[in-house]
Undergrad: 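Once you've had a glance at the structure underneath, I'll fire off some questions.
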Amino acid sequence: MEKTWRWFGKKDPITLEMLRQIGMEGIVTALHDVPNGEVWTLDAILELKNYIESGGLRWSVVESLPVSESIKYGGKDRERLIENYITGLANLGKAGVKTVCYNFMPVIDWIRTDLHRKNADGTYTLFFDKIRFAYFDCFILKRKNAEKDYSSEEMEQVYALDKTITEAEKDELIHTIIVKTQGFINGNIREGDQNPVAIFNRLLALYDGIDKAQLRENMKYFLERVIPTAEKYGVNLCVHPDDPPFPVLGLPRIVTSEEDIDWFLNAVDSPNNGLTFCAGSLSSGLHNDVPALAKRFAGRTRFVHLRSTDVEKNGNFVEASHLGGRGHLIELVRIFEKENPNLPMRVDHGKLMLDDIHKSYNPGYSFLGRMYALAQVDGIMATVRNEMALKTFL
């Protein structure tokens with residue numbers, strides 16, 4: 001696998017020189033200064049590509065060329081936005097950037113309720129608490145009929161939480177779920193926006209009447225329009241699984257399981273219509289057998305995110321060690337090295353640790369935690385390659 005690193009551009013405190021020193025080969029990044037829906041020009045792409053190459057690295061993966069909300073819900077300006085997307089895709093192909101990761105999650109990207117869950121060893125990680133999320137849904141957003149999405153036992157816990165939760169904790173939930181995990185990834189809401197709850201509710205309202213079947217049709221329409229350009233320029237589009245892989249906030253999720261992945265790959269059956277295999281997102285759903293999914297879809301995987309989660313029976317989940325958890329990364333590396341070698345891979349959501357604890361990195365993207373995870377995964381890859389070489393020799 002090619003070792004890559006998610007880098008947030010020239011303003012990222014983690015420099016290309018630092019990444020060279022820890023053995024990086026490729027960069028995963030985007031034109032983060034371009035607003036959602038606007039055209040990625042060839043000049044802007046080449047400028048960033050040349051900058052990366054001047055640092056001795058290559059731009060391996062775009063993560064991401066964002067799919068505008070109007071494309072997802074089928075708004076009046078969908079055609080214009082798809083045309084802009086096609087232009088950007090073509091320009092990436094002309095520039096020689098051939099792998100594009102994107103997602104089709106409505107309104108909200110990855111969701112956590114705690115960005116600084118303290119581990120027993122003093123490090124910090126990301127955590128999803130289902131009851132706190134339900135409280136956010138029912139008592140902060142006040143989404144109509146939200147309580148119907150939770151069991152009676154869960155709602156009892158939500159009502160109990162309402163008696164003890166502080167205003168500061170409510171504000172932290174809002175900042176964590178709506179702002180902090182969204183703003184740095186071309187999100188719909190950014191730091192400094194006034195009344196993020198009202199903005200968020202307006203975004204949710206755009207999807208009134210959009211169920212799973214309709215969202216699937218909108219994704220199929222998008223793929224039918226953009227895949228011919230991807231084929232023409234040799235660009236691999238690879239969708240990221242939903243995180244977490246189940247419906248939230250009354251919104252449908254359509255990349256959550258084996259059946260979902262099989263559906264979108266067959267909806268537009270092209271080798272340029274592929275999967276970003278995120279072991280962390282997939283493993284946070286108890287319904288998913290992650291190694292089995294890797295075996296089935298290795299041939300259509302174009303990019304790999306190696307992280308893992310531990311999931312409790314009540315649905316809570318936490319980022320796990322890259323050597324443990326439901327992601328089974330050791331087995332995944334064996335599968336991908338055998339079935340589809342040389343894929344770009346990046347470690348994801350490293351622990352917040354040591355001198356990084358008081359630095360303002362994006363959530364899940366600290367330097368030392370990811371470097372530690374990379375060392376673990378690098379060892380896994382070396383071991384797997386050695387296993388394969390010994391089998392060939394014997």
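Below, each value reflects all heavy atoms present in this structure, side chains not excepted, and no hydrogens, waters or symmetry copies. Source: prediction; values computed, not measured. Counting begins at 1 with the first residue of the sequence.
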Undergrad: Got Phe139 and Leu161 here, is their nearest side-chain heavy-atom distance under 4.5 Å?
TA: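 Not in contact.
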Undergrad: Do Ile108 and Ile177 make a side-chain contact, defined as non-hydrogen atoms from C-beta onward lying under 4.5 Å apart?
TA: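 Heavy-atom side-chain distance check passes, below 4.5 Å.
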Undergrad: Describe, in one word, how the ring planes of Phe303 and His305 are oriented to each other, choosing from parallel (under 30°), tilted (30 to 60°) and perpendicular (over 60°).
TA: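 Ring orientation, 0 to 90° scale: perpendicular.
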Undergrad: Are any of the side-chain nitrogens in Glu319 or Arg117 under 4.0 Å away from the carboxylate oxygens of its partner?
TA: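 So Glu319 does not pair with Arg117 through a salt bridge.
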Undergrad: Verify, without hydrogens or angle tests, whether Asn145 (side chain) and Lys148 (backbone) share a donor-acceptor contact under 3.5 angstrom.
TA: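 No, Asn145 side chain to Lys148 backbone: no donor-acceptor pair under 3.5 Å.
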Undergrad: Could you grab the distance from atom CE of Met381 to atom CG of Leu329, nearest 0.5 Å is fine?
TA: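 The distance works out to 11.5 Å.
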Undergrad: Short question: side chain of Thr4, backbone of Met345 - any donor-acceptor pair under 3.5 Å?
TA: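 Side chain of Thr4 to backbone of Met345, a donor-acceptor pair under 3.5 Å: yes, one is there.
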Undergrad: Donor-acceptor check, side chain of Ser270 to backbone of Asn272, threshold 3.5 angstrom: yes or no?
TA: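 The answer is yes, because a donor-acceptor pair under 3.5 Å joins these two groups.
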Undergrad: In terms of relative ring orientation, are His349 and Trp110 parallel, tilted or perpendicular, with 30° and 60° separating the classes?
TA: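 Ring orientation of His349 relative to Trp110: tilted.
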Undergrad: On a heavy-atom basis, which atom in Pro241 and which in Met105 lie closest, and how many Å separate them?
TA: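 Looks like O-CE, 3.9 Å.
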Undergrad: Would you mind checking if Arg143 and Asp149 are paired as a salt bridge, meaning a charged N to carboxylate O distance below 4.0 Å?
TA: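 Looking at Arg143 together with Asp149, the answer is yes, because their closest N to O distance falls below 4.0 Å.
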Undergrad: For Ser281 and Asp242, what are the C-alpha separation, side-chain angles and deciding distance, and is it a side-chain contact (heavy atoms from CB on, under 4.5 Å)?
TA: CA-CA 7 Å; Ser281 298; Asp242 301 335; over 6 Å; no
Undergrad: Measure across Asp129 and Thr113 and return the closest heavy-atom pair with its distance rounded to 0.1 Å.
TA: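 Answer, listing the atom of Asp129 first, then Thr113: N-OG1, 2.9 Å.
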Undergrad: Classify the angle between the aromatic ring planes of Phe8 and His32 as parallel (below 30°), tilted (30 to 60°) or perpendicular (above 60°).
TA: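 Taking His32 first and then Phe8, their aromatic rings sit tilted (interplane angle of 30° to 60°).
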Undergrad: Hey, are Asp260 and Arg216 close enough for a salt bridge, meaning a charged N less than 4.0 Å from a carboxylate O?
TA: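 Result for this pair is yes, salt bridge flagged.
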Undergrad: In a check of side-chain hydrogen bond (donor to acceptor under 3.5 Å, both in side chains) between Asn103 and each of Asp109, Asp243, Thr276, which one passes?
TA: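 With Asn103 as partner, Asp109, Asp243, Thr276 yield a single side-chain hydrogen bond (donor to acceptor under 3.5 Å, both in side chains), made by Asp109.
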Undergrad: Return the CE to CG distance between Met1 and Asp378, rounded to the nearest 0.5 Å.
TA: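 Here the interatomic distance stands at 12.0 Å.
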Undergrad: Can you classify the ring geometry of His116 versus Tyr124 as parallel (below 30°), tilted (30 to 60°) or perpendicular (above 60°)?
TA: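 Perpendicular: the ring planes of His116 and Tyr124 meet at over 60°.
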Undergrad: Of all the heavy-atom pairs spanning Phe136 and Ile174, show the shortest one and how long it is.
TA: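 Taking Phe136 first and Ile174 second, the nearest heavy atoms are CE1-CA, 4.4 Å.
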Undergrad: Start with the C-alpha distance between Glu69 and Tyr207, add both sets of side-chain angles, then the distance that settles side-chain hydrogen bond (donor to acceptor under 3.5 Å, both in side chains), and finish with yes or no.
TA: CA-CA 9 Å; Glu69 292 298 327; Tyr207 287 86; 2.4 Å; yes
Undergrad: At their closest point, which heavy atom of Val235 faces which heavy atom of Gly93, and how far apart are they?
TA: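 Smallest heavy-atom distance, with atoms named: CG2-CA, 3.6 Å.
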Undergrad: Salt bridge check, Glu47 against Lys10: does any charged N sit closer than 4.0 Å to a carboxylate O?
TA: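 So Lys10 pairs with Glu47 through a salt bridge.
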Undergrad: Report yes or no: does Ser284 contribute a side-chain atom to a donor-acceptor pair with the main-chain N or O of Pro244 at less than 3.5 Å?
TA: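 No: the side chain of Ser284 does not pair with the backbone of Pro244.
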Undergrad: List the steps, then state whether side-chain hydrogen bond (donor to acceptor under 3.5 Å, both in side chains) holds for Ser70 with Asp77.
TA: CA-CA 7 Å; Ser70 188; Asp77 56 349; 2.3 Å; yes
Undergrad: Other residues, nucleotides and ligands only: do more than 12 of their heavy atoms fall within 6.0 Å of CG on Asp355?
TA: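 It does not: Asp355 CG has 12 such atoms or fewer within range.
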Undergrad: Test Asp43 against Thr41 for side-chain hydrogen bond (donor to acceptor under 3.5 Å, both in side chains), laying out the working first.
TA: CA-CA 5 Å; Asp43 285 346; Thr41 67; 5.7 Å; no
Undergrad: Assess whether a salt bridge exists between Asp262 and Arg300, defined as any Lys/Arg side-chain N lying under 4.0 Å from an Asp/Glu carboxylate O.
TA: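 Result for this pair is no, no salt bridge flagged.
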Undergrad: What are the two closest non-hydrogen atoms of Asp114 and Thr176, and how far apart are they?
TA: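 Closest heavy-atom pair between Asp114 and Thr176: N-CG2, 4.1 Å.
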Undergrad: Nearest 0.5 Å, what's the NZ-CG distance between Lys220 and Leu215?
TA: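 It is 14.0 Å, given to the nearest 0.5 Å.
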Undergrad: How about Lys295: does its NZ atom have over 12 heavy atoms from other parts shown lying under 6.0 Å from it?
TA: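 12 or below, so no.
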Undergrad: Less than 4.5 Å apart, any side-chain heavy atom of Val61 and any of Arg302?
TA: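 No, side chains not in contact.
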Undergrad: Under 3.5 Å, side chain of His287 to main-chain N/O of Thr256, donor-acceptor pair present?
TA: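 Between the backbone of Thr256 and the side chain of His287 there is a qualifying donor-acceptor contact (under 3.5 Å).
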Undergrad: Quick one: do Asp12 and Tyr365 satisfy side-chain hydrogen bond (donor to acceptor under 3.5 Å, both in side chains)? Show the steps, please.
TA: CA-CA 11 Å; Asp12 195 325; Tyr365 291 97; over 6 Å; no
Undergrad: Please report the interatomic distance SG(Cys138) to CD(Glu154), rounded to the nearest 0.5 Å.
TA: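 Between Cys138 SG and Glu154 CD, I get 10.0 Å after rounding to 0.5 Å.
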Undergrad: Examine Arg78 relative to Tyr221 and say whether NZ or CZ is less than 6.0 Å from the centre of the six-membered ring and inside a 45° cone about the ring axis.
TA: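 So Arg78 does make the cation-pi contact.
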Undergrad: Assess the side chains of Asn218 and Tyr73: does a donor N or O sit below 3.5 Å from an acceptor N or O?
TA: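 Result is no, nothing qualifies.
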Undergrad: Charged N to carboxylate O below 4.0 Å: is that the case for Asp208 and Lys144?
TA: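 Salt bridge absent between Asp208 and Lys144.
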Undergrad: Please name the pair of heavy atoms, one in Asn84 and one in Gly37, separated by the smallest distance, quoted to 0.1 Å.
TA: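 Closest pair (atom of Asn84, atom of Gly37, distance): ND2-O, 2.8 Å.
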Undergrad: Looking only at atom types and distance, does a side-chain atom of Asn119 sit under 3.5 Å from a main-chain N or O of Asp121, one as donor and one as acceptor?
TA: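 Such a contact is absent between Asn119 side chain and Asp121 backbone.
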Undergrad: Are any of the side-chain nitrogens in Lys130 or Glu312 under 4.0 Å away from the carboxylate oxygens of its partner?
TA: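 Answer for the salt bridge query: no.
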Undergrad: For residues Leu204 and Asn201, determine if any side-chain heavy atom of one lies less than 4.5 Å from a side-chain heavy atom of the other.
TA: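 When only atoms from C-beta onward are counted, Asn201 and Leu204 do touch, with a gap below 4.5 Å.
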Undergrad: Any salt bridge linking Glu331 with Arg334? Criterion: basic side-chain nitrogen under 4.0 Å from a carboxylate oxygen.
TA: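 Judged by the 4.0 Å cut-off on N to carboxylate O distance, Glu331 and Arg334 do form a salt bridge.
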Undergrad: Decide if atom OH of Tyr372 counts as having more than 12 heavy atoms of other residues, nucleotides or ligands within a radius under 6.0 Å.
TA: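 It does not: Tyr372 OH has 12 such atoms or fewer within range.
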Undergrad: Show, in sequence, the C-alpha distance, side-chain angles and deciding distance for Phe277 and Phe336, and conclude whether the ring pair (Phe, Tyr, Trp, His ring centres under 6.0 Å) test is met.
TA: CA-CA 10 Å; Phe277 195 97; Phe336 286 119; 5.4 Å; yes
Undergrad: Looking at side-chain heavy atoms only, is the closest gap between Thr309 and Ser283 below 4.5 Å?
TA: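 Sidechains of Ser283 and Thr309: in contact.
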Undergrad: Treating Asp211 as the side-chain partner and Gln214 as the backbone partner, does any N or O pair qualify as donor plus acceptor under 3.5 Å?
TA: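 Present.
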Undergrad: Could you grab the distance from atom CZ of Arg346 to atom CD1 of Ile27, nearest 0.5 Å is fine?
TA: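 Taking CZ in Arg346 and CD1 in Ile27, the distance rounds to 11.5 Å.
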Undergrad: NZ of Lys212: more than 12 outside heavy atoms within 6.0 angstrom?
TA: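 It does: Lys212 NZ has more than 12 such atoms within range.
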Undergrad: Measuring only between side-chain heavy atoms, which start at C-beta, is Phe264 closer than 4.5 Å to Ile254?
TA: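 Not touching, per the 4.5 Å side-chain cut-off.
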Undergrad: To the nearest 0.5 Å, how far apart are CZ in Arg132 and CG in Asn316?
TA: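 One finds 11.0 Å between CZ of Arg132 and CG of Asn316.
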Undergrad: Salt bridge check, Asp348 against Arg6: does any charged N sit closer than 4.0 Å to a carboxylate O?
TA: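 No salt bridge links Arg6 with Asp348.
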Undergrad: Check for a donor-acceptor pair, side chain of Lys98 on one end and backbone N or O of Tyr233 on the other, with a separation under 3.5 Å.
TA: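 Yes; at least one donor-acceptor contact below 3.5 Å.
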Undergrad: Taking only Lys NZ, Arg NE, NH1 and NH2, and the carboxylate oxygens of Asp or Glu, determine whether Glu167 and Lys170 approach each other closer than 4.0 Å.
TA: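 Salt bridge between Glu167 and Lys170, a charged N being under 4.0 Å from a carboxylate O: yes.
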Undergrad: Tell me whether the count of non-hydrogen atoms from other residues, nucleotides or ligands lying under 6.0 Å of CD in Glu17 goes above 12.
TA: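 Incorrect, the count does not exceed 12.
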Undergrad: Answer with yes or no after comparing the ring centroid distance for Phe133 and Phe128 against a 6.0 Å cut-off, counting only values under it.
TA: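 When the ring centroids of Phe133 and Phe128 are compared, they turn out to be within the sub-6.0 Å range.
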Undergrad: Are Val248 and Arg253 close enough that some pair of their side-chain heavy atoms sits under 4.5 Å apart?
TA: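 Contact flag for Val248/Arg253 side chains = yes.
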Undergrad: What I'd like to find out is whether the side chain of Trp5 reaches to under 4.5 Å of the side chain of Leu57, using heavy atoms alone.
TA: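 No, side chains not in contact.
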